[in-house]
There are 2 protein chains.
Amino acid sequence: MIENQAKKQKHREDLRLAILEAAKKLFVQEGYEATSIRKIAKEIGFSPTTIYLYYRDKNDIAYALHQEGFLLLRDRFMALMSVDNPFERLKAIGRNYIDFAFQNPDYYQVMFMMKEPMTFLDMHCVEEEWPEGKRVLDFLLGTVQECQAAGLFTNMHPSLLAFQAWSTVHGLVTLYITHHLSKITETFAIDFNAKELVSQTFEQYISFLDRIK
Amino acid sequence: MIENQAKKQKHREDLRLAILEAAKKLFVQEGYEATSIRKIAKEIGFSPTTIYLYYRDKNDIAYALHQEGFLLLRDRFMALMSVDNPFERLKAIGRNYIDFAFQNPDYYQVMFMMKEPMTFLDMHCVEEEWPEGKRVLDFLLGTVQECQAAGLFTNMHPSLLAFQAWSTVHGLVTLYITHHLSKITETFAIDFNAKELVSQTFEQYISFLDRIK
DNA sequence: TTTATTTACTTAACACTGTTAAGTAGTTTT
DNA sequence: AAAACTACTTAACAGTGTTAAGTAAATAAA
């Protein structure tokens, strides 16, 4: 009954996917903390312990959501492959990264701000380090290297510049997401709201790069 | 019995402080998540519900720890007041900020990465927005303005530059603290460890400022 | 001095959380 | 027909933040 076994296998994958879909629904509606195993179970109509037949633990689910987020981000970045000018593409990557974080703060959280998916990688996926992160960073690094091939940022280490660009936008969006920024905007004495402050500061960073290139 | 009332008041403050000290001990030993109300209560030898006579809820305790962290950071920044050259002071602020985060990752977390202390401020302290953050940012902003008075960064908005400097170091240290950085260092193909990568990237940012000033 | 009230704290409980051990129908294999 | 395996459930453990209700002691009022 090989055919039947294949059907069983398919059913297994279906339920695993149904769990993920339920988790995603709760996650985007109410955030990670409010997404409990029991709520996911109720959503799919199974008992809570069934979840553990398809996912090791909650960190496993966190990592699955983490991967889902990276699929969304990859779609955005794929669209930027058509931008030929590498410096223009670098700017576009930054703007899209910020926009992604604004539009999907919960995904951003599980992708770049939570330790749970990382500890899951540590515990159960020894072969590769962090494939999702690596892919995104490679795209960024490649763009920086293309900039250098075009004669820009020539006296810099490409990895250091890529990492700086990443941590710059990461710093901006995390301060926004954690609500630290909205509590401090009037200290800065500009009539920007928090989102505008993020965007304007990124544009200023771009102008830094422009003057340094 | 006014004298007696004063004694009672002092006792109240003593216990409130004892709770905070117990919370701090557990917090630095095992992190915020592992610091439960029940554990704090056991530490001071009272029942869990007693905590609620001195702190509204766990967010209140999170905010108290948040404040403790800012006291530690302020001590570091106080020592930098003696640095006369504002650009040198700006660099020193950044290096000290990074060093503080490396040495006190849990405090950094509760100060700049968690929403709980911020939501507590939102709910119960309407008068002032975020005094701790404001004080730190004012010190940074003041230093930037002194730089401008000395003829540096003249064609820039001081608040935007201050915010950029802050979010740059914040981005660096948060990627380090959440273990995202250690999972990606070999992608960057440099023989730096995660801490060195943070430091080197900051030094590169400094050299950016140096060339732009 | 006796009664009433306030203070400081505790016990018990609610409604959750992630996770595991043990058990149970139903299907498949022997 | 009997044994074995699959897919799932019930019950439970050990914890979480938080609140309502109760208690003993200290103080204030009669």
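Residue numbers start from 1 in every chain, and the chains themselves are labelled A, B, ... in the order their sequence lines are given, proteins ahead of strands. Model, not experiment: these values are computed from the prediction.
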Chemist: I'd like to know if A:T49 reaches the base of C:dT19 with its side chain such that a donor and an acceptor end up less than 3.5 angstrom apart.
Modeler: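 A donor-acceptor contact between them is absent.
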Chemist: To the nearest Å, give me how far apart CD (B:E30) and P (D:dG15) are.
Modeler: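 It is 13 Å, rounded to the nearest whole Å.
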Chemist: Measuring from the side chain of A:T50 (C-beta onward, heavy atoms only), which nucleotide among D:dT19, C:dT17, D:dC8 has the closest atom?
Modeler: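 Among D:dT19, C:dT17, D:dC8, the one nearest the side chain of A:T50 is D:dC8.
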Chemist: Separation of B:I40 atom CD1 from D:dT16 atom P, in whole Å?
Modeler: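 Rounding to the nearest Å, CD1 of B:I40 and P of D:dT16 are 10 Å apart.
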Chemist: Quickly work out the B:I37 CD1 to C:dT17 P distance and round it to whole Å.
Modeler: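 Interatomic distance, CD1 of B:I37 to P of C:dT17: 19 Å.
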Chemist: Let's see if you can work this out: which of C:dT19, D:dT9, C:dC9 has an atom nearest to the side-chain heavy atoms of B:L53?
Modeler: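 Nearest listed nucleotide: C:dC9.
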Chemist: Measuring from the side chain of A:K58 (C-beta onward, heavy atoms only), which nucleotide among D:dG17, C:dT19, C:dT11 has the closest atom?
Modeler: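 Comparing D:dG17, C:dT19, C:dT11 against the side chain of A:K58, the answer is C:dT19.
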Chemist: Identify which nucleotide among D:dG17, D:dC8, C:dT19 has an atom closest to any side-chain atom of A:F46, counting heavy atoms from C-beta outward.
Modeler: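 Of all the options, the side chain of A:F46 is nearest to D:dC8.
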Chemist: Round to a whole Å and report the spacing from NZ of A:K39 to C1' of C:dA15.
Modeler: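 Checked: the NZ to C1' distance equals 12 Å.
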Chemist: Tell me whether B:K58 forms a cation-pi arrangement with B:Y32, defined as NZ or CZ under 6.0 Å from the six-membered ring centre and within 45 degrees of its axis.
Modeler: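 Geometry flag: set, cation within 6.0 Å and 45°.
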Chemist: Could you tell me how far apart B:R38 (CZ) and C:dA12 (C1') are, to the nearest whole angstrom?
Modeler: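 Going from CZ in B:R38 over to C1' in C:dA12 covers 11 Å.
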Chemist: Considering only side-chain heavy atoms of A:Y52, which listed nucleotide, D:dT18, C:dT10, C:dT20, is closest?
Modeler: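 Closest nucleotide among those given: C:dT20.
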Chemist: Could you work out which one of C:dC9, D:dT9, C:dT17 sits closest to the side chain of A:S36?
Modeler: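 Closest nucleotide to the A:S36 side chain: C:dT17.
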Chemist: To the nearest Å, give me how far apart CD1 (B:I61) and C1' (D:dT18) are.
Modeler: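 My rounded result for the distance is 12 Å.
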Chemist: Measure centre to centre between the rings of A:Y97 and A:Y108, then say whether the value is under 6.0 Å.
Modeler: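 Yes, close enough.
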Chemist: Between B:H66 and B:V110, is there a donor-acceptor pair closer than 3.5 Å when you use the side chain of the first and the backbone of the second?
Modeler: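 Indeed, once roles are kept as given, a pair shorter than 3.5 Å links the two residues.
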Chemist: Angle between ring planes, B:H180 versus A:F112, binned at 30° and 60°: parallel, tilted or perpendicular?
Modeler: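 Ring orientation, 0 to 90° scale: tilted.
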Chemist: Can you tell me the distance, in whole Å, between the CG atom of A:N59 and the P atom of C:dT17?
Modeler: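 Rounded to the whole Å, the gap is 17 Å.
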Chemist: Check this one for me: any side-chain N or O of B:Y54 less than 4.0 Å away from OP1 or OP2 of C:dC9?
Modeler: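 Yes, B:Y54 has a side-chain N/O under 4.0 Å of OP1/OP2 on C:dC9.
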Chemist: Less than 4.0 angstrom from a charged side-chain N to a carboxylate O is my criterion; do B:K134 and B:E129 meet it?
Modeler: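 No, no charged N to carboxylate O under 4.0 Å.
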